[in-house]
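Let me begin by presenting the structure, written as structure tokens, before commenting on it.
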Amino acid sequence: MATQSYTPVPPGVGMEDNFLSLDDILLSQEKLPCRTETAFPRLGFLEKSGDTGDIQEGTKMEMPLWLAKGLYDSKRRVVAVDLPKVYREGWRTVFGADPNVVDLHKMGPYYYGLGSQLLHFDSPENPDIAQTVLQTFVRRFRRIMDSSQNAYNEDTSALVEKLDCMERSLFRSGQAGLHDFQRWEKGQSSQMTASSLVQNYRKRKFAELEA
Amino acid sequence: MDPSEVEFLAEKEMVTIIPNFSLDKVYLIGGDLGPFNPGLPVDVPVWLAINLKQRQKCRIVPPDWMDVEKLEEIREQERKVGMFTPMPSPYYMELTKLLLNHASDNIPKADEIRTLVKDTWDTRIAKLRLSADSFVSQQEAHAKLDNLTLMEINTIRQLFLESLNHMYKLRTNMQPGKDSAKSQDF
């Protein structure tokens, strides 16, 4: 049984991210291609390629998701957010053909999360993105389920290599189910073992207490 | 849920034993057991049967279905039909394991029974995965779990529930304009 000293907060996956989820925090610094629609005076140091002190209107630059989300406003037009290439028409066709061959870890590694977050920026392609992301998940599901439920006592690194972060967590739950069952079948779960919390516990040294 | 917890639930099932000691009726919270007389069959829960067996105080009578012919029939039926067929006991897997591990000397052809039950189990798990996949790919909203046993559901539960949660989120993405209902999950 996996006993952990804390419960990790799962990623939000949808439009809303979970504030306390480590995955969502990592996701929020994914870079998005943007174009500025107003000049940013004296912020030139943010853009390494420019040597002027200001960021001119119409500069193309990359912004982390959290910044783009903060600056984006459909009425005031501060920045325009482009789609990363994985979500563009060309790649969408690839995902439509066979999502199983794509290395989502290289493309993502937060393909589903970022795909959902992109819907915050009003783009005419939004419905298509949402549809593609959903279909990709649905069609990759079988493989994740089968490989996670069948790989027992073998090296799984080749199986998870091409999986997106969210898919990896699914894979882990599948493996946990399989391992629990196999342990029970072999009669290992009836043996009592010390809790992992107790095993990890070390007595604090006197010196630490004194100090 | 851990498989050992499912096994714990299975231990409440009744099984017939033939004791070789005598004891008056025992009054327990879960019901009265006994009286026990040497040679007279009596129904007790599995946990008690195993305990008595370990102390060599009884002989366990295997349940009706724990029989090579019946199990072969069930296995063939399971392979033939596309749906899940009803199992002889909601805890067939757990009971087979418990009884065969602790009382294999009271059960004729124990090894064959073990193989047959395992075969049936494998067929059912393959079916379960197939239906889980079609459930996801057709994006259904509900499914009936007729004739599935707790242990079977338990092996796939965690993975499946997480997947469905993710799928639900990805699906709500397709209906924009519901942003007003912003809320955190917890």
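All chains are named by letter (A, B, ...) in the order of the sequence lines, taking the proteins before the strands, and each is independently numbered beginning at 1.
- Contact count against chain B (heavy-atom pairs under 4.5 Å) is highest for A/L119 among A/I129, A/N126, A/I144, A/L119.
- Atom CZ of A/R35 has 12 or fewer heavy atoms from other residues, nucleotides or ligands within 6.0 Å.
- Only the side chain of B/F160 comes within less than 4.5 Å of a heavy atom of chain A; its backbone N, CA, C and O stay farther away.
- Classification of A/R172 and B/E162 as a salt-bridged pair fails, no side-chain N sitting under 4.0 Å from a carboxylate O.
- Taking CG from A/D146 and CG from B/D133, the interatomic distance works out to 7.5 Å, rounded to the nearest 0.5 Å.
- The OG atom of B/S137 sits 9.5 Å away from the CZ atom of A/F141 when rounded to the nearest 0.5 Å.
- For the atom pair CG of B/L161 and CG of A/L170, the computed distance is 11.0 Å after rounding to the nearest 0.5 Å.
- Across all their heavy atoms, A/E185 and B/K97 have their closest contact at O-CE, 3.6 Å.
- Heavy atoms of other residues, nucleotides or ligands lying less than 6.0 angstrom from CZ of B/F21 number more than 12.
- Within a 6.0 Å radius of OH in B/Y168, no more than 12 heavy atoms belonging to other residues, nucleotides or ligands are found.
- No more than 12 heavy-atom neighbours from other residues, nucleotides or ligands sit within 6.0 angstrom of CD on B/E73.
- Note on A/S148, A/G174, A/G177, A/A176: by heavy-atom pairs under 4.5 Å with chain B, the leading option is A/G174.
- Heavy atoms of B/L130 lying under 4.5 Å from chain A belong to its backbone as well as its side chain.
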CA sep, side-chain torsions, deciding dist, call: A/Q175, B/L159, side-chain contact (heavy atoms from CB on, under 4.5 Å): CA-CA 9 Å; A/Q175 286 265 289; B/L159 168 80; over 6 Å; no

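- Identified by a heavy-atom distance below 4.5 Å to chain B, contributing residues of residues 79-93 of chain A are lacking entirely.
- No part of B/Q138 comes within reach of chain A, as not one of its non-hydrogen atoms sits under 4.5 angstrom from that chain.
- Separation of atoms CG (A/D180) and CD (B/Q158) is listed at 8.0 Å; rounding is to 0.5 Å.
- The distance from atom CE of B/M167 to atom CZ of A/F137, rounded to the nearest 0.5 Å, is 7.5 Å.
- With a 4.5 angstrom heavy-atom cutoff, B/M151 touches chain A only via side-chain atoms.
- The 12-atom threshold is not exceeded at CG of B/D24, counting heavy atoms of other residues, nucleotides or ligands nearer than 6.0 Å.
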A/M166 and B/K169: CA distance, side-chain angles, deciding distance, side-chain contact (heavy atoms from CB on, under 4.5 Å) verdict: CA-CA 13 Å; A/M166 177 191 103; B/K169 290 274 181 59; over 6 Å; no

Residue pair B/L128, A/Q149: steps toward the side-chain contact (heavy atoms from CB on, under 4.5 Å) verdict: CA-CA 12 Å; B/L128 177 62; A/Q149 298 270 292; over 6 Å; no

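- When the shell of 6.0 Å around CZ of B/R55 is examined, it contains more than 12 heavy atoms from other residues, nucleotides or ligands.
- Looking at A/R139, there are no atoms closer than 4.5 Å to chain B (heavy atoms on both sides), in backbone or side chain.
- Residues B/Q139 and A/Q135 have side chains in contact (heavy-atom distance under 4.5 Å, counting atoms from C-beta outward).
- The shortest heavy-atom contact between B/L170 and A/V133 is CD2-CG1, 3.7 Å.
- Ranked by heavy-atom pairs shorter than 4.5 Å toward chain A, the options B/M1, B/M93, B/R157 are led by B/M93.
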Stepwise side-chain contact (heavy atoms from CB on, under 4.5 Å) test for B/E7 and A/W184: CA-CA 9 Å; B/E7 185 186 78; A/W184 171 78; 2.7 Å; yes

